[in-house]
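See below for the structure under consideration.
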2 protein chains.
Amino acid sequence: MSSAMPEIPWHKARKADPRQPLSRDVIVETGIRILDAEGLGGVTMRRVAQELGTGPASLYAHVSNKDELCELMLERITGEVVLPERAEPERWKEQVTEVCLAAQRVFTAHRDITLVSLGSVPIGPNQLRVTEFLFDLLLRAGVPAQVAAWALDALGQLIDTDAYEASLYVNRISGGTDIDAYFESIKDYLSRLPADRFPRMSSLAETLISGDGDQRFLFKVDVLLRGLETYIPQGPTRE
Amino acid sequence: MSSAMPEIPWHKARKADPRQPLSRDVIVETGIRILDAEGLGGVTMRRVAQELGTGPASLYAHVSNKDELCELMLERITGEVVLPERAEPERWKEQVTEVCLAAQRVFTAHRDITLVSLGSVPIGPNQLRVTEFLFDLLLRAGVPAQVAAWALDALGQLIDTDAYEASLYVNRISGGTDIDAYFESIKDYLSRLPADRFPRMSSLAETLISGDGDQRFLFKVDVLLRGLETYIPQGPTRE
DNA sequence: TTACTGCGACGAACACTGTTCTACGCGACG
DNA sequence: CGTCGCGTAGAACAGTGTTCGTCGCAGTAA
C-alpha cells in the first residue's frame, strides 16, 4: 500500500489501445468490424472484448446478451439501407425492386448477418423505416392491405434468405474454395444422375445451376411482384 | 485373468441400453430423436453419444462431422415427405401447393432442422426426389425451363424459411412463452408507433400480425404460383 | 477534506461445445 | 495360435457464452 511500491505493471499495459471508455456503440461497431472481416462465426464475446483491450465480462455491463449484441448490429446495419426520396406508386414494381436490391446489397456486404434477422421479428427503428416505406408503396399501388401486409413478410424473407446464401459463398471463397469449380462439380453430379429416376434434372443440369446470385434474386423479386400484381382489384397495371 | 475374477463392473453397466452395435443409421436416428425433443440446439455429439451409452469420440468412426450428421438427418427427414402418385399438370398449382404444404409440415414437425438446409445445396437422394417431382410438374405445366429451374430455388427457400420461423415459435412455446401474448404485445407496440413517421404500420398493426402460420405460408405459395403463371407463354391458364 | 456509496471494469471460473490423440480390446484371417 | 486391423472410448485441447465476486474510481454528502 505504500508509495514506494512500483506501478502495478499489468494494470497499465492492460490495453494496447486505450480508446473510448467502452460504450454500447463502440461494442456494436467493433462487432460489425469483426463481422465484416470474419463473418458471424468470428463474432464472439471474447473476440470483441479482446479487440477493445479488455475481457468478455466487461461487455455485459452494456449488452445483456450475445443475441442482443447481434440484434443491435443488425439494426445498425439496416440503417445503411438508403430509401428513395419519396414513393412513386406509378412505378411501384421498379421501386420495390430497387429497395430490395439495395437491402440485399447492404446485407450481403456484411456477411451472414441475416442469420440474425431470420430469427427475429423486425421491430428496430431502422427495420421499421424500411418496412413502412414498402408498406406505404404497396398500398398506394393498390395492393389490398392484408395482401400488402403478408407480402412484407415474403419480401423480408426473400431478402434475408438470399443475402444469407450469398454470404455462404463469400465464406467459402474466403475459405479458399474455388466457387466456379464447386458449381461445376455440382453440375457434373446432376448431369450424371440416373436418367430413369431423374430425367428432368439430369438433362437440365446446366439450366439448374445457371445464373449468378443477382440474376436469381431479381428473378425471385420479379415473380413475387407479378404475383402481387394479380391481387390489385382492377387487374394488372396497364403498360 | 482367471475365471475366479468377478465380472468387471463398469464394462457391463456401461450402457443402460445395450442396443445395436453403433452404426451410421442408429446415430442419425438418435440425432433425430433428440432434435424432435429439444431442437437442433440440443443435438450435440456428447448428447447423441450419451443417448447411445458411449462417448463422443465413438461417433466419429461413422460420421466425419457434426455438419455431416446434420445433413444426414435432414436427408432422412426429407424422405418423410410423401409425393402424389403422379404429376397432374392440368392442376399444377394445386399440386405444387400440396407438395409444399406437405414438405413444410414434415420439416416443422422436426423443429429447426431447416436451419441445416438453408445452408446447403440439396443433393441428397430424397431431396432430389422432391425437386425432380416439382421440376417435372412445372415443365409439364408449360413453365419455361429456366424459369422453372429458378422457381425451384424460390420454392425451396420459401419452405425452409417458413418452417424455420414456425419452429422458432415452437421453441418459444416449449420454452414457456405465451405465444398469443407475445404477438399481442407486438401488435400493441406497432399500434403505439408515432403516427407521423409510421402512419401505415401504426394504423394497420392488426392487419400486419393477423393470420396464422399456415395462412401466411399458403399466401406466399399462392403469390409465387400466380407470378410463375405469368411466365407461361400462352398466358394465364384459362379457368 | 474526508467518508461513503454505487457502478463499471474484469480476472477467474463454470459448464458447455466440436474435435483429435492414443491406448485398448476383440474379432477375423492367415 | 499369432497377428493384424478396426471400432471403441477415455482424456485432453481449444474454444464458446455467461456468472461471480472483487477492485478501483467517480460523484455525493457530511
Side-chain angles (χ1 to χ4, degrees), chain A residues 1-3 5 7-28 30-31 34-35 38-73 112 115-116 119 175, chain B residues 1 5 7-28 30-31 34-35 38-73 112 115-116 119 175:
Chain A
M1 305 288 185
S2 82
S3 56
M5 284 285 287
E7 187 95 349
I8 303 169
W10 51 260
H11 194 246
K12 192 138 224 161
R14 175 180 59 96
K15 51 177 70 177
D17 183 341
R19 55 171 66 228
Q20 295 98 328
L22 204 56
S23 71
R24 220 173 145 98
D25 281 339
V26 196
I27 292 175
V28 173
T30 308
I34 299 173
L35 167 75
E38 307 171 29
L40 203 55
V43 180
T44 67
M45 299 307 262
R46 277 178 172 77
R47 186 82 179 70
V48 173
Q50 172 192 325
E51 205 81 4
L52 259 33
T54 179
S58 305
L59 306 180
Y60 285 85
H62 304 91
V63 160
S64 65
N65 227 331
K66 194 205 170 181
D67 286 344
E68 185 182 296
L69 170 58
C70 287
E71 285 183 16
L72 289 172
M73 290 165 57
D112 38 7
L115 198 53
V116 177
Chain B
M1 306 301 173
M5 283 284 288
E7 188 94 349
I8 303 168
W10 52 261
H11 194 247
K12 190 137 223 162
R14 174 180 59 97
K15 49 177 72 176
D17 183 342
R19 54 172 65 230
Q20 295 98 329
L22 205 54
S23 71
R24 219 173 146 98
D25 281 339
V26 197
I27 293 174
V28 172
T30 309
I34 300 173
L35 167 75
E38 306 171 28
L40 204 56
V43 180
T44 68
M45 300 305 262
R46 277 179 172 78
R47 186 83 179 68
V48 173
Q50 173 192 325
E51 206 80 4
L52 259 34
T54 179
S58 305
L59 306 180
Y60 285 84
H62 307 271
V63 160
S64 67
N65 227 329
K66 193 206 170 180
D67 286 345
E68 185 182 298
L69 171 57
C70 286
E71 285 182 16
L72 288 172
M73 288 164 57
D112 38 7
L115 198 53
V116 177

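Worth knowing before you read on, the calculation uses all heavy atoms, side chains too, and leaves out hydrogens, waters and symmetry mates. Small disclaimer: the values here were computed from a predicted structure and weren't measured. Numbers restart at 1 for each chain; the letters A, B, ... are given by sequence-line order, proteins then strands.
Counting to the nearest Å, the P atom of C:dT17 and the CG atom of B:Leu69 are 14 Å from each other. Between the P atom of C:dT17 and the CG atom of B:Leu59 lies a distance of 13 Å, rounded to the nearest Å. Atoms CZ (A:Arg47) and P (D:dA14) sit 18 Å apart, rounded to a whole Å. Spacing between atom CE of B:Met45 and atom P of D:dG10 amounts to 16 Å, rounded to whole angstrom units. Between the NE2 atom of B:His62 and the P atom of D:dG7 there is a distance of 7 Å, rounded to whole Å. In this structure, B:Gln50 places its CD atom 9 Å from P of C:dT17, rounding to the nearest Å.
For C:dA9, neither phosphate oxygen OP1 nor OP2 lies less than 4.0 angstrom from any side-chain nitrogen or oxygen of A:Thr54. Between B:Asn65 and C:dG18, a side-chain N or O to OP1/OP2 separation shorter than 4.0 Å is absent.
In plain terms, the two heavy atoms of B:Ala49 and B:Pro56 that are nearest each other are CB-N, 3.5 Å. Between B:Leu40 and B:Leu35, the shortest heavy-atom distance links the atoms N-CD1, 3.6 Å.
Which of D:dT19, C:dT19, D:dG10 sits closest to the side chain of B:Ala57 comes down to D:dG10. Nearest to the side chain of A:Thr44, among D:dG17, D:dT19, C:dT19, sits D:dG17. Checking D:dT19, D:dT16, D:dT8 against every side-chain atom of A:Tyr60, the shortest atom distance belongs to D:dT19. Looking at the side chain of B:Lys66, the nearest of the listed nucleotides D:dG17, C:dG18, C:dG8 is C:dG18.
Two residues are said to be in side-chain contact when any heavy atoms from C-beta on lie closer than 4.5 Å; B:Asp67 and B:Val116 fail this criterion.
If you check every strand for non-hydrogen atoms under 4.0 Å, A:Ser58 touches a base.
Within 3.5 Å, no donor on the side chain of A:Arg46 pairs with an acceptor on the base of D:dG15, nor the reverse.
Checking A:Met45, A:Glu51, A:His62, A:Met73 one by one against A:Ile27, the side-chain contact (heavy atoms from CB on, under 4.5 Å) holds for a single residue, A:His62.
Here the straight-line distance linking atom CD of B:Glu68 with atom CG of B:Leu59 works out to 12.0 Å at 0.5 Å rounding.
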